[in-house]
Amino acid sequence: MKYLDEFRDSAPARRLAEEIHRLATRPWAIMEVCGGQTHSILRNGIDQLLPASLSLIHGPGCPVCVTPVEVIDRALAIAGRPEVTFTSFGDMLRVPGSEKDLFRVKSEGGDVRIVYSPLDAVKLAQELPDRQVVFFGIGFETTAPANAMAVHLARRQGLTNFSMLASHVLVPPAIEAILASPSNRVQAFLAAGHVCSVMGTWQYPPLAAKHRVPIVITGFEPLDLLEGIRRAVAQLEAGEARVENAYARVVSEAGNHPAQALLAEVFEVCDRTWRGIGTIPASGFRLSAAYRDFDAELRFDVAGVTAHESPLCHAGEVLRGVLKPNQCPAFGRECTPRTPLGATMVSSEGACAAYYHYGRALAAEEAR
Amino acid sequence: MAEPLDITGWSCPLPLADYPAIVLGHGGGGKLSSELVEHLFVPAFGGSELARLGDAALLPPPGGRLAFSTDSFVVHPLFFPGGSIGELAVHGTVNDLAMMGARPLYLSAAFILEEGLPMATLGAIVARMAAAARAAGVSIVAGDTKVVDHGHGHGCYITTAGVGVVPAGLELGPERARPGDAVLVSGTLGDHGMAVMSVREGLAFEAELASDCAALHTLVEALLAALPTGSVHTLRDPTRGGLAAVLGEIAKSSRVGIELEERALPVRPEVHSACELLGMDPIFVANEGKLVALVAAEAAEAALSALRAHPLGREAAIVGRAGAEHPGVLVARTALGARRVVPEQLGEQLPRIC
């Protein structure tokens, strides 16, 4: 496929991997922030091409994984109401709340539907005037503009039967929280390319300077990831701490202005709880005052729903990079994709699920 | 006192053709039921056995081992680019028989119809089913119809069962793959699943995706005829769960490890694009007109030529091999030369958020 196959070519990938082997003289820990990057690394076996001294730490950039369990419980409470048609991206349906998931609600008679775009949910609200259509708006800065557009359109069309359960999260505050943590071992970041395509790169130089950490804006294809890793290692070896853009075919310094303007209009920054991590100040979006009428949490009065996570689940340490998924005592025992304790075992982008699915061959190889 | 009833315009219950849609009575076993059978099913499916309308079809013993299989079809929407539930109901069961090397002979067809299903829609489904059966050379010899209340049943569900006969000396099965076997697929992967998804979810792709729905028994015959006896070990049709599910099952049943070469997998560019967009992998997507063959290594090239010489196998490819390492596990060699375990899917593959 044009513009994709070129970035999956094995010969240049080998050359980049050799270059990384040549550059890396010491052990380094690099975090890829985005779940899509984790998925691509494991799916393509990129980690198998790297020197053993280099460890990749899988970051908190999977929106499904970091959505707190009480938000899932609120979604379940709303989705179970008889007047509600609850719409969501597919991979949220299997994420466990305290007691069940959206698939269970659907099997119990709830009207739960997978949509491919938040605008489909708006269309559904037009088509079903007697139903309350709720969209589960989660994700990072990448999905936020489309979700903002959905609410914007709903207001412009005067739709009174559309609302959004919003639990958006933001990348730079999460990087800040990881770096400020006493147990942090991340020495360089591969920043999430698609987040930066919306927000630009201007948010990162202060972080790189304050914490003396290289940040490389990185894409998702094998060559993108290898190039990002190469640049991060080169900076680490040279003792540098700059922001570099290794995904310039998509990301500009300023980012996408119309998208940013829409975000500023529809959302406001708020504190957010991250599943397994805790509350990070100013790390999320909620609907702004002008759009409060479209907030499903208020419309269905579920803000009081709170919940607790399984004490066996170490997803927080996994998301902060303190623990590798297979170092968790519950990994593969109490916690599997069939019986997930935390969302990191559910989402296709979740570090635990990725390890469970793609890691077994490596484990077998190592055991030999 | 009530007015006396005016019966001047009264007539017998309406004949079938005057009901524009299925009503509960069509499944009631009375006149409406038998009219549906006599006016719709029997003329469409033809054949003397069905026309006798006995409680069971009486068939001559075919000689040889019987293959017997059943499958239910609940696809939504009922019609999609490249096919309909009618063709699927025939091809699905025919292919299950063909994968055991059987020549399909007879099918039964049971319909569960939803009240309100337009008669014209049912007529179109039945016509397509009949055409598919004729083309595949199988007779539909028994059937049943039930009607469920409006709102239960998505229009039409069909269950078919089929009987075929397996030639003497032919031994195929999921447990018969051996280390060293070559893994072949008869064509492009994921066409059916992505075509149905594109219409079901109203996803507008620039290129129209079409189902690969087809009956595979002649392709199987051609493959078996071209190779020395005993060199084809396992045949499967990779429907739900796609190529990965089928190869995972073969690896487990035969206690072999299977390694897929990702670069060798035939996937149409438009299917590849649709999968990329939705975060799905074509090896997990359903096919309805493809087969997977595990063939002794020395017969692999001959098998490839035989498949490619058939109209349904033009894009066949050798996509991997079975080995003695990692028994029971399916592994993919990525384009970068790394290896990864191909996960078993818990349920349906879900589109990713971003």
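Reminder, nothing fancy here: chain letters follow the sequence lines and each chain counts from 1.
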Worksheet item: So which part of R333(B) gets closer than 4.5 Å to some heavy atom of chain A, the side chain, the backbone, both or neither?
Response: neither

Worksheet item: Are any of the side-chain nitrogens in R8(A) or E262(B) under 4.0 Å away from the carboxylate oxygens of its partner?
Response: no

Discussion item. Within the supplied structure, the quantity of interest is the number of heavy atoms (other residues, nucleotides, ligands) at a distance under 6.0 Å from H21(A) NE2; does it exceed 12?
Written reply: yes

Discussion item. For a 4.5 angstrom cut-off between non-hydrogen side-chain atoms, does D281(B) reach R43(A)?
Written reply: yes

Item to complete: Drop me the distance from L226(A)'s CG to L336(B)'s CG, to the nearest 0.5 angstrom.
Response: 7.0 Å

Discussion item. Rounded at 0.5 Å granularity, tell me how far CE in M197(B) sits from CD1 in I114(A).
Written reply: 7.5 Å

Worksheet entry | Shortest non-hydrogen separation from A335(B) to S10(A) and the atoms involved | O-CB, 3.1 Å

Discussion item. Using a 4.5 Å heavy-atom cutoff, which residues in residues 174-189 of chain B come close to chain A?
Written reply: none

